[in-house]
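Have a look at the structure below before the remarks.
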Amino acid sequence: MPADDLLDALDPDQREVARALTGPVCVLAGAGTGKTRAITHRIAYGVRTGAYAPTSVLAVTFTARAAGEMRTRLRDLGVAGVQARTFHSAALRQLRYFWPKVVGGAVPSVLAQKAPVVADACHRLGLAVDRVSVRDLASEIEWAKVSRITAEDYVRAAAAADRPAPAGHDHHAVARLITAYEDAKDARGVMDMEDILWLLAGMLVENGAVADEVRRQYRRFVVDEYQDISPLQKFLLEQWLGGRDELCVVGDPSQTIYSFAGATPHYLTRFTAEHPQAQVVRLVRDYRSTPQVVGLANEVLRRAPKDRSARWEPLELVAQRPSAGPVRFAVYDDDEAEAAGVATRIGRLVAAGTRPSEIAVLYRTNAQSEAFEQALAAVGIGYVLRGGERFFARQEVRDAIVRLRGAALAADPETPMPETVRDALRSAGWTDEPPAARGAARERWDTLHALVALADDLAAAAGRTGGTATVADLVADLDERAAAQHAPTVEGVTLASLHAAKGLEWDAVFLTGLSEGLVPWASADTAGDVAEERRLLYVGITRARAHLELSYARSRTPGGRATRRRSRFLDGLWPQEGRARFGDGRARSAPRLTGDADPELLAALHAWRADLARRTSKPSYTVLGDATLAAIAELRPSSVPELARVQGIGPAKIDRYGPELLALVAGRGRGAGAAGATGTPADGVTTPR
């Protein structure tokens with residue numbers, strides 16, 4: 001594929017990012033605007049044009065899932081050799097390489113949890129603690145370390161940051177605890193996650209030979225989610241760069257939600273001050289969400305009190321998807337009723353064809369999950385608790401991977417890989433149909449079926465490039481995912497806190513518990529704290545593609561006093577305060593359809609879908625629905641933005657099928673495109689009956 005062909009799948013702003021091959025570059029990317037697409041195409045375009053050697057690029061982000069997604073997209077673009085990792089994964093890899101040469105011996109093992117060591121240090125100091133206070137003290141130690149604050153500087157720094165002393169202990173006690181914690185950790189011969197960054201950065205500062213070797217290897221850097229970078233990560237990045245400016249950063253200040261953990265948008269908002277020659281590109285076309293969802297998200301930010309000290313204005317998203325149903329609002333008598341009502345609504349969505357894995361229930365704190373777990377179990381709907389047991393730690397997954405390794409050695413080259421995988425996993429308990437009842441057996445089946453689905457996806461990806469995937473390829477992919485903790489999708493409704501939902505998206509999202517004291521959180525005392533709570537709600541809203549429902553309960557318990565009031569962030573937006581119009585007036589509505597589809601193109605689309613379903617062993621309706629195929633055959637989209645306006649095809653399916661669909665349309669003569677009539681989106685509020 002010629003290098004310039006890579007740019008055909010991008011909109012004008014994304015194309016500007018891809019063509020900005022030399023740094024410094026700052027990409028301000030709103031939620032759902034295709035930032036991962038833009039930066040992976042930038043890397044691929046740089047490699048294809050010869051501007052980059054793939055092994056000279058280091059792309060870092062904050063979650064294993066995001067790093068895994070980046071690697072998958074680069075692989076699909078035909079680019080191998082680029083390192084896409086989390087900060088900690090990249091640093092640990094380098095530390096393990098250089099440690100034997102510089103320090104000698106093996107790298108200290110990584111501490112799984114701080115709490116036991118913190119508790120030990122507290123007992124040595126005679127500090128009275130319980131499980132909750134140990135957790136809070138561990139978080140404070142982590143904040144100090146990522147902020148590059150030593151025990152000697154802690155009291156002054158905490159006072160300057162107006163940071164309350166945790167767990168009922170004063171700042172001087174915490175300073176002593178930081179020293180005791182480091183001593184206890186050294187006595188055990190372990191390091192924590194922050195030490196990985198500290199030790200590597202120190203090695204690069206103190207050892208010129210190590211710094212030179214790293215800088216010869218990595219010449220170009222991409223940092224995703226730059227609004228969440230901490231002082232410690234920024235310091236390490238500076239050592240990697242060594243004074244060079246071949247740096248592309250991507251982020252959105254409106255999605256800064258980890259300030260409590262030391263993250264700061266300061267480095268993003270002041271990037272042009274630090275790099276006066278930087279090229280700045282703004283991505284505001286939202287391909288994820290409907291105009292109703294986008295409109296509500298914009299309004300939540302627009303109604304924030306003005307901060308005269310801020311150096312940036314929030315990005316105003318412009319919806320590219322067609323209008324859909326309105327945003328829904330619901331008030332319940334108590335938490336139990338809210339959970340039951342949400343479970344009922346989810347049951348209707350599932351019955352109408354929405355996959356459970358495309359539905360999420362989001363809340364402010366993990367303690368709120370129990371009610372939703374019970375309510376979903378009561379109606380027989382499976383769920384996945386984000387933040388629970390890690391996928392690759394499950395016994396059935398470990399056993400399945402052992403069986404797949406054996407199958408890779410004995411595989412018949414003539415048998416399609418997905419079929420071989422199914423045969424291997426049947427011996428581990430997987431069946432063609434799931435168990436009828438919920439419970440442990442269904443959870444085990446869902447876990448194994450995630451491996452089956454991953455095999456299907458891998459085979460389909462290889463087929464799109466004319467290749468063939470093997471069981472050995474699947475095992476290698478699983479090994480890479482296990483190392484990065486990038487789990488495949490398990491079927492079930494996601495239950496997650498708003499913080500844990502960052503970077504994810506679903507077709508349907510239920511934002512729950514939106515009352516004062518929860519959103520914003522009761523301890524949000526300062527203007528900065530409240531502003532971050534508002535951004536947290538914004539992040540939750542922008543996780544939804546098509547269906548969004550907001551709710552709260554007037555009382556905590558059945559029969560309790562109805563003293564709760566809804567979140568102040570929704571003042572003026574709740575339906576009874578007047579009909580709001582959620583959707584940007586500049587956004588396009590769904591193209592009007594007449595039913596006059598091109599019969600030859602429609603037949604070709606059906607044949608394409610049937611072939612893809614056969615090759616991937618998936619039901620045809622899970623690829624694209626009949627109505628979507630008919631709309632494509634009538635509207636004849638000629639570009640990705642036009643394809644995005646077709647009802648029933650979102651960003652994930654555009655990524656997966658977009659080039660093939662556009663090629664099919666182009667192969668039967670270009671029509672007028674998908675430019676249907678435009679208009680103002682319908683009112684976006686309603687109250688469920």
Side-chain angles (χ1 to χ4, degrees), residues 8-9 32 34 37 72-73 76 287-290 320-325 349-359 418 452-465 489 491 505-508 544-547 588 590-671 673-674 676:
D8 291 343
R37 169 188 285 272
T72 298
R73 295 201 190 197
D76 290 346
Y287 297 99
R288 174 187 300 163
S289 305
T290 64
Q320 303 298 299
R321 290 190 63 178
S323 290
L349 287 173
V350 172
T354 302
R355 292 172 56 190
S357 59
E358 289 294 348
I359 303 172
V452 172
L454 185 63
D456 292 343
D457 291 342
L458 197 64
R464 289 196 293 273
T465 59
T489 300
E491 196 58 53
E505 60 184 79
W506 296 269
D507 282 346
R545 298 191 192 109
H547 179 103
R588 296 172 180 173
R592 293 194 177 98
L593 300 176
T594 65
D596 186 22
D598 179 332
E600 292 185 6
L601 177 54
L602 184 58
L605 289 167
H606 277 282
W608 164 82
R609 184 181 66 175
D611 179 63
L612 180 61
R614 179 186 56 76
R615 286 188 281 112
T616 59
S617 301
K618 291 183 176 181
S620 293
Y621 69 86
T622 65
V623 178
L624 288 174
D626 289 346
T628 302
L629 295 185
I632 293 172
E634 178 178 337
L635 298 169
R636 292 179 169 276
S638 60
S639 65
V640 168
E642 291 179 358
L643 187 60
R645 296 182 61 220
V646 176
Q647 186 74 32
I649 180 165
K653 291 189 176 180
I654 288 176
D655 275 346
R656 196 172 301 155
Y657 310 133
E660 296 177 54
L661 291 169
L662 293 174
L664 274 172
V665 174
R668 280 161 177 77
R670 290 190 181 273

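What you see is a predicted model, and the numbers here were worked out from it, not measured in a lab.
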With a 4.5 Å cut-off on side-chain heavy atoms, are [Y] and [X] touching?
| X | Y | value |
| --- | --- | --- |
| Leu635 | Glu642 | no |
| Trp608 | Leu624 | yes |
| Asp611 | Arg615 | yes |
| Ile632 | Leu643 | yes |

Of the non-hydrogen atoms in [X] and [Y], which two are nearest, and what is the gap between them?
| X | Y | answer |
| --- | --- | --- |
| Pro418 | Ala455 | CG-O, 4.3 Å |
| Ala461 | Asp76 | CB-OD1, 3.9 Å |
| Thr290 | Ala324 | CG2-CB, 3.7 Å |
| Leu601 | Ala633 | CD2-CA, 3.7 Å |
| Pro637 | Val665 | O-CG1, 3.5 Å |

Is a side-chain N or O of Arg37 found less than 3.5 angstrom from the main chain of Ala9, in a donor-acceptor match?
yes

Spell out, as yes or no, whether a donor-acceptor pair under 3.5 Å connects the side chain of Arg321 to the backbone of Arg288.
yes

Distance (rounded to the nearest 0.5 Å) between [X] [atom1] and [Y] [atom2]:
| X | Y | atom1 | atom2 | answer |
| --- | --- | --- | --- | --- |
| Leu612 | Arg464 | CG | CZ | 7.5 Å |
| Glu358 | Glu491 | CD | CD | 8.0 Å |
| Leu349 | Arg355 | CG | CZ | 14.5 Å |
| Glu634 | Asp598 | CD | CG | 10.5 Å |

Apply side chain to side chain contact (heavy atoms under 4.5 Å, CB included) to Leu605 and Leu661, showing your working.
CA-CA 8 Å; Leu605 289 167; Leu661 291 169; 3.7 Å; yes

For the CD atom on Glu660, are there more than 12 heavy atoms of other groups (residues, nucleotides or ligands in this structure) within a distance under 6.0 Å?
yes

